[in-house]
Amino acid sequence: TNDDYMNSCRNKASIVKGKAVPKMVALLGSPDGEVQAAVVTAFLSLSALEGNKAVIGSSSGAIASLVSILSQEGDEHRRKDALRALYNLSIHPANVKTIVESGGAPLLLAMVEDMEMSEKALATLGNFATTEAGRCAIARHKEIGYAVLVDALRWADAPKSQERAAYILMMIAHHSHAQREAMASAGAITALLELGLLGTPLAQKRASRTLDSFRRAKAFSAPQQYTTTTTTTNNNNNNNNNNDNNVVVVVGQRNGGGGA
């Protein structure tokens, strides 16, 4: 019921305000895997509350401890809960910098290739893409980053992952000429053209806007003929859908001999 939900929210806020977070961080260092798992699950629950995100993020060692669990082998459930907690925390922009400083970016990029983790890893990286610190972190690891993101654009059986990968590339391409060149070297243009034709409506819009960034910078050359139109979408599908308005949609016609 609504009363139960409100009581739950109050309890979560009270726990964090009661300075329980430092004690929880200490328990994350426990050699007992069951204790660690229970504390990670508690962080996942507490971080879901909007008012707790900044407090947890500013608590010394909280984010760093969760990031360290991502690199641990063993309990996949514990790693998933740590990833989900970091996703919750990354919704608060100031926390992205702390995740980056804790070494989270390369771990998240590597997790994109793990089918059990990929959607939430991409969602977290989508929150990265809304901040300068997050975009720079992805750019610093562009050798692995753009390869896995371009690969995700081609996952026809995972449309959400395609949409999220396109969003990340769209945001970075919009802000950096150098990164557009790195994306092109990783094969992004071909993958985006294919996504613009075959992806979901949201993926198509994001692919089109990313390609438009290449085109405006005169860094784009391909045997295509284009008709461009401008459309507006108010899709609120995700926390990182806010920049999808006024999208330029590209309708491409492939010349003969071009493989899909």
Side-chain angles (χ1 to χ4, degrees), residues 105-130 134-228 238 240-241 243-244 247-260:
L107 292 171
L108 290 166
L109 288 165
M111 293 174 88
V112 172
E113 297 183 296
D114 183 338
M115 295 307 292
E116 294 293 319
M117 308 280 194
S118 59
E119 279 207 13
K120 195 57 70 176
L122 283 165
T124 308
L125 290 165
N127 291 334
F128 271 41
T130 65
R135 291 190 298 272
C136 289
I138 296 170
R140 281 197 298 273
H141 301 281
K142 59 180 178 286
E143 289 78 11
I144 178 178
Y146 295 146
V148 298
L149 292 171
V150 169
D151 190 38
L153 293 178
R154 297 190 169 102
W155 294 349
D157 59 343
K160 280 288 181 191
S161 294
Q162 289 181 312
E163 290 170 359
R164 287 167 175 157
Y167 177 83
I168 296 163
L169 293 172
M170 178 185 76
M171 293 297 290
I172 297 173
H174 178 71
H175 286 88
S176 172
H177 171 72
Q179 296 313 309
R180 286 192 293 271
E181 291 184 338
M183 289 177 198
S185 297
I189 291 174
T190 300
L192 288 164
L193 284 167
E194 293 171 353
L195 187 64
L197 293 170
L198 303 173
T200 66
L202 181 58
Q204 289 178 1
K205 291 182 176 85
R206 290 174 172 177
S208 299
R209 186 168 181 181
T210 309
L211 289 167
D212 192 53
S213 292
F214 282 93
R215 196 189 300 68
R216 286 198 308 269
K218 299 181 180 179
F220 178 69
S221 177
Q224 313 290 329
Q225 294 177 348
Y226 298 98
T227 302
T228 61
N238 237 327
N240 39 35
N241 279 351
N243 295 296
D244 285 331
V247 176
V248 176
V249 178
V250 179
V251 180
Q253 181 179 4
R254 293 171 182 265
N255 290 338

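Taking CD1 of Ile144 as the start and CD of Glu113 as the end, the distance is 5.5 Å to the nearest 0.5 Å. The NE2 atom of His174 sits 13.5 Å away from the CZ atom of Phe214 when rounded to the nearest 0.5 Å. The structure places OG1 of Thr130 at 10.0 Å from CZ of Phe128, a figure rounded to the nearest 0.5 Å. The distance from atom CG of Leu169 to atom CE of Met171, rounded to the nearest 0.5 Å, is 11.5 Å. Expressed to the nearest 0.5 Å, how far CG of Leu107 lies from OG1 of Thr124 amounts to 12.0 Å. Interatomic distance, CD1 of Ile168 versus CD1 of Ile138, reported as 5.5 Å (0.5 Å rounding).
A salt bridge (Lys or Arg N to Asp or Glu O under 4.0 Å) check over residues 119-129, counting only residues at least two apart or in different chains, returns the pairs Glu119-Arg164.
A pairwise comparison of heavy atoms in Ile172 and Tyr146 identifies CG2-OH, 3.5 Å as the closest pair. In terms of heavy-atom proximity, Leu108 sits nearest to Ala121 at O-CB, 3.7 Å. In this structure, Ala191 and Val150 approach most closely via the heavy-atom pair CB-CG1, 3.9 Å. Residues Ala207 and Ala166 come closest through the heavy atom pair N-CB, 4.5 Å. Minimum heavy-atom separation, Lys142 to Ala182: CD-CB, 3.6 Å. Across all non-hydrogen atoms, the minimal contact from Pro106 to His141 is CD-NE2, 3.7 Å.
A salt bridge is defined here as a Lys NZ or Arg NE, NH1 or NH2 lying under 4.0 Å from an Asp or Glu carboxylate O, and Asp212 with Arg215 meets this definition.
Not one N or O on the side chain of Gln179 forms a donor-acceptor pair closer than 3.5 Å with the backbone of Ala173.
Counting only heavy atoms from C-beta outward, the side chains of Leu149 and Leu122 approach each other to under 4.5 Å. Between Lys205 and Glu163, the closest side-chain pair of non-hydrogen atoms is not below 4.5 Å. With contacts defined as side-chain heavy-atom distances shorter than 4.5 Å, the pair Ser213/Arg180 qualifies.
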